[in-house]
Amino acid sequence: MAKALQNAFQAQAIVAKQRCLKPFIGTAVHCFFLRYEQEVGVFYAEASEGIRIPAYCSLRSTPIHERNTYTPGQMLWFHVTGLSEKDREVCFILSRTTERLVDELFRLQGSTVHCVNRISGARSLVQTEKRIPKAHIVFTANELKERVIVRYGK
């Protein structure tokens with residue numbers, strides 16, 4: 001009876017944590033690299049001030065030029081693509097290859113753009129209606145280690 005009650009409480013805690021973390025899906029989070037486990041990068045994501053969430057990024061969701069190059073302690077921006085449960089803990093599923101990561105990095109700096117096309121590790125083509133500061137373009141290009149081409153107009 002006690003074991004069943006304990007499992008029920010753990011299940012409720014997991015559901016509550018999933019409910020709290022669901023708004024982060026589709027956003028960019030700053031992550032701290034820990035190690036590789038079976039071709040999966042293990043990170044801690046800074047969800048909010050002082051709150052660290054375990055996160056995982058498969059090699060498939062990592063640009064080719066970045067695979068197996070992360071060092072422990074390295075900080076990177078990732079796009080949260082979903083939630084997963086591992087070892088009775090809710091975790092983020094991350095990606096550095098999505099077009100949405102480009103949009104989110106610009107949004108974090110206050111610019112509104114739409115990534116039209118992206119070849120991760122090579123270039124990103126973004127569309128915007130207004131001029132954006134060069135510092136925003138340089139930050140995004142340096143973070144993604146790729147060229148960012150900006151087209152203005154509708």
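Predicted model only: the values in this text are computed from it and were never measured.
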Query raised in the report: Is the side chain of Arg67 donor-acceptor paired with the backbone N or O of Leu59 at a distance under 3.5 Å, no angle test?
Result: yes

Query - Intermediate values then yes/no, side-chain contact (heavy atoms from CB on, under 4.5 Å), Ile132 and Phe106 - result: CA-CA 9 Å; Ile132 53 178; Phe106 276 106; 3.6 Å; yes

Query raised in the report: OG of Ser84 to CD1 of Ile93: how many Å apart, nearest 0.5 Å?
Result: 4.5 Å

Requested in this report: Enter the distance from Cys31:SG to Glu46:CD here, rounded to the nearest 0.5 Å.
Outcome: 8.5 Å

Requested in this report: Step through the shown structure and confirm whether more than 12 heavy atoms of other residues, nucleotides or ligands are within 6.0 Å of CD on Glu39.
Outcome: no

Report task. Answer yes or no: does atom NZ of Lys22 have more than 12 heavy-atom neighbours from other residues, nucleotides or ligands under 6.0 Å? Result -> no

Query raised in the report: Between Phe92 and Ala45, what is the shortest heavy-atom contact and its length?
Result: CD1-CB, 3.6 Å

Query raised in the report: Out of curiosity, Asn117 CG to Gln127 CD, how far, rounded to the nearest 0.5 Å?
Result: 12.0 Å

Requested in this report: Run the ring-centre check on Phe33 versus Phe43 and record whether the distance is less than 6.0 Å.
Outcome: yes

Report task. Would you name the heavy atoms of Leu76 and Lys145 that are closest together and state the gap between them? Result -> CD2-NZ, 4.3 Å

Query raised in the report: Out of curiosity, Leu105 CG to Trp77 CH2, how far, rounded to the nearest 0.5 Å?
Result: 7.0 Å

Requested in this report: Answer yes if Val42 and Val90 sit in the same cluster of Ile, Leu, Val, Met, Phe, Trp and Tyr residues linked by side chain heavy atoms under 4.5 Å apart, and no otherwise.
Outcome: no

Query - Main-chain N/O of Leu125 paired to Arg118 side chain as donor or acceptor, under 3.5 Å - result: no

**Report entry** Arg147, CZ atom: more than 12 neighbouring heavy atoms under 6.0 Å
**Finding:** no

Report task. Please tell me if the side chains of Arg131 and Tyr152 come closer than 4.5 Å, counting only heavy atoms from C-beta onward. Result -> yes

Report task. Assess whether side-chain contact (heavy atoms from CB on, under 4.5 Å) is satisfied between Gln109 and Thr140, documenting all intermediate values. Result -> CA-CA 9 Å; Gln109 298 173 74; Thr140 303; 3.3 Å; yes

Requested in this report: Over 60° means perpendicular and under 30° means parallel, so classify the ring planes of Tyr70 and Phe78, tilted if in between.
Outcome: perpendicular

Report task. Spell out, as yes or no, whether a donor-acceptor pair under 3.5 Å connects the side chain of Thr27 to the backbone of Phe24. Result -> yes

Query raised in the report: Should Ile25 and Thr81 count as side-chain neighbours, where that means a heavy-atom distance under 4.5 Å?
Result: no

Report task. Measure across Leu94 and Cys57 and return the closest heavy-atom pair with its distance rounded to 0.1 Å. Result -> O-SG, 3.6 Å

**Report entry** CG-OH distance between Leu34 and Tyr56, expressed to the nearest 0.5 angstrom
**Finding:** 9.0 Å

Query raised in the report: If every non-hydrogen atom of Val126 is compared with every non-hydrogen atom of Cys115, which pair is closest and at what distance?
Result: CG1-CA, 4.0 Å

Query raised in the report: Between Glu89 (side chain) and Lys86 (backbone), is there a donor-acceptor pair under 3.5 Å?
Result: no

Query raised in the report: Considering residues at least two apart in sequence or located in another chain, which fulfil the ring pair (Phe, Tyr, Trp, His ring centres under 6.0 Å) criterion with His65?
Result: none

Requested in this report: Please name all residues satisfying salt bridge (Lys or Arg N to Asp or Glu O under 4.0 Å) with Arg96, sequence neighbours left out, ordered by chain then number.
Outcome: Glu66, Glu143

Requested in this report: Give a yes or no on whether Tyr44 atom OH has more than 12 heavy-atom contacts from other residues, nucleotides or ligands under 6.0 Å away.
Outcome: no

Query - Heavy-atom closest contact (Val113 atom, Asp103 atom, distance) - result: O-OD1, 3.7 Å

Report task. Is it possible for you to say whether Phe32 and Val80 belong to one hydrophobic cluster, with membership spreading through side-chain heavy-atom contacts below 4.5 Å? Result -> no

Query raised in the report: How long is the gap from OG1 on Thr128 to NE2 on His136, to the nearest 0.5 Å?
Result: 11.5 Å

Requested in this report: Using modelled atom types only, decide if a donor and an acceptor are shared between the side chain of Thr62 and the backbone of Ser58 within a distance under 3.5 Å.
Outcome: yes

